[in-house]
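In what follows, a single structure is set out as structure tokens and then discussed.
All values derive from a computational prediction rather than experimental measurement.
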Amino acid sequence: MDKREIIQKTEQYVRSLLENDASGHDWWHIDRVRRMGTTLAKKEGADEFIVEMAALLHDVADEKIAGNEEKGLSAVTSWLEQMPLSNDDKEHIIDIISSVSFKGGQGKKPHTIEGMVVQDADRLDAIGAIGIARTFMYAGSRGHLMHDPFLPYREKITKEEYRQGRSTAINHFYEKLLKLKEWMNTESAKQIALKRHEFMERFLYQFYQEWDEQYENVNG
């Protein structure tokens with residue numbers, strides 16, 4: 001089995017698990033992260049195969065999807081054991097996946113260029129127009145409100161609070177999305193993040209204008 005066949009089998013496996021997800025972590029999110037990851041890998045001189053495998057499998061291990069991180073990493077490990085990969089490659093892929101997640105700002109910083117690329121690709125998909133759409137999908141899937149002007153966003157939160165605490169779609173911008181521009185690892189990702197960050201700022205400006213207009217019309 002060559003590398004292309006390993007990628008194809010892994011793609012089929014992940015797609016079968018996530019194609020019906022409605023929280024913003026569906027197959028098309030995986031595919032976008034994979035494509036962005038390979039683009040960044042070319043620019044940053046990273047191993048494209050390792051990046052593509054880690055990008056494909058990164059949400060299989062995510063506790064939001066798997067229920068808990070240990071269970072998710074076990075599923076990834078079991079899948080990799082079926083593939084004709086070296087132990088070094090398997091360990092590298094698992095190490096990357098274990099460091100991708102944001103975890104309320106408590107996540108690990110990758111220590112290889114491949115890990116940095118995959119983390120950047122995943123974070124880029126959390127910002128900009130698609131990031132905005134995914135934010136509202138995720139909030140809806142968790143029963144969170146779109147916006148509550150009387151519920152302040154949380155400036156410092158633990159991983160547990162980030163996963164389980166009460167929040168809103170709009171608060172999520174301040175708790176995560178608007179921070180990501182400064183937390184990109186690679187220069188290539190930083191350039192892309194700047195434009196997507198600016199788009200989110202324009203969206204928030206328009207959102208607050210429309211929100212306030214409703215109350216001005218009622219009170220006027």
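- Using a 4.5 Å heavy-atom cutoff, the side chains of His147 and Tyr208 are in contact.
- Ile132 and Met146 fall within the same hydrophobic cluster, defined by Ile, Leu, Val, Met, Phe, Trp and Tyr side-chain heavy atoms under 4.5 Å apart, directly or through other members.
- Nearest heavy-atom pair across Leu177 and Gly131 is CD1-O, 4.4 Å.
- Using modelled atom types, one finds a donor on one side chain and an acceptor on the other under 3.5 Å when comparing Asp95 with His111.
- Applying the ring-ring contact (aromatic ring centres under 6.0 Å, His included) test to pairs two or more places apart or on separate chains, those with a residue in residues 76-95 are Tyr13-Trp79.
- Contact detail for Ser167 and Glu175: the closest heavy-atom pair is OG-OE1, 3.1 Å.
- What you find for Val51 and Ala41 is that their closest heavy atoms are CG2-CB, 4.1 Å.
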Residue pair Lys195, Glu198: steps toward the salt bridge (charged side-chain N to carboxylate O under 4.0 Å, His left out) verdict | CA-CA 5 Å; Lys195 292 181 180 179; Glu198 290 171 350; over 6 Å; no
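- The hydrophobic cluster containing Phe173 does not contain Leu151, counting ILVMFWY residues as joined when their side-chain heavy atoms lie under 4.5 angstrom apart, directly or transitively.
- For Glu11, the salt bridge (Lys or Arg N to Asp or Glu O under 4.0 Å) partners two or more places apart in sequence, or in a different chain, are Arg34.
- Checked by atom type and distance alone, the side chain of His29 never pairs as donor or acceptor with a backbone atom of Asp26 at under 3.5 Å.
- Between Ser99 and Gln119, the shortest heavy-atom distance links the atoms O-NE2, 2.7 Å.
- With 3.5 Å as the limit, one finds a donor-acceptor pair spanning the side chains of Asn185 and Lys109.
- For the pair Glu114 (side chain) and Asp47 (backbone), a donor-acceptor distance under 3.5 Å is present.
- Both Phe136 and Leu204 belong to a common hydrophobic cluster when Ile, Leu, Val, Met, Phe, Trp and Tyr are linked at side-chain heavy-atom distances under 4.5 angstrom.
- Atom NZ of Lys9 sits in a sparse spot, with 12 or fewer heavy atoms from other residues, nucleotides or ligands closer than 6.0 Å.
- Phe203 and Met137 are not part of a single hydrophobic cluster, where members link through side-chain heavy atoms under 4.5 Å apart.
- The backbone N or O of Ile50 lies less than 3.5 Å from no partner atom in the side chain of Asp89, so there is not a single donor-acceptor pair.
- Taking both residues in full, the closest heavy atoms of Ala55 and Ile30 are given as O-CG2, 3.9 Å, listed atom of the first, atom of the second, then distance.
- Between Met36 and Ile192 the shortest side-chain heavy-atom distance falls below 4.5 Å.
- Under the 4.5 Å side-chain criterion, counting only non-hydrogen atoms from C-beta, Lys3 is not in contact with Met53.
- Closest non-hydrogen pair, Val76 versus Leu57, comes out as CG2-O, 3.9 Å.
- The hydrophobic cluster containing Val118 also contains Leu73, counting ILVMFWY residues as joined when their side-chain heavy atoms lie under 4.5 angstrom apart, directly or transitively.
- Note: Ile130 CD1 to Thr135 OG1 = 11.5 Å, rounded to the nearest 0.5 Å.
- No cation-pi contact links Arg32 to Trp27, judged by a cut-off of 6.0 Å to the six-membered ring centre and 45° from its axis.
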Please report the C-alpha distance between Glu201 and Arg196 in whole Å, then the side-chain angles of each, then the deciding distance to 0.1 Å, and finally whether the salt bridge (charged side-chain N to carboxylate O under 4.0 Å, His left out) criterion is met.
-> CA-CA 9 Å; Glu201 290 181 323; Arg196 297 190 183 192; over 6 Å; no
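- Residues in residues 30-50 take part in no ring-ring contact (aromatic ring centres under 6.0 Å, His included) pair, two or more places apart or across chains.
- Side-chain contact between His25 and Arg134 is present, with at least one heavy-atom pair separated by less than 4.5 Å.
- For the pair Met116/Thr186, a side-chain contact is recorded, criterion being any heavy-atom separation below 4.5 Å from C-beta on.
- Leu124 has its side chain within reach of Met184: a pair of non-hydrogen atoms, C-beta onward, lies under 4.5 Å apart.
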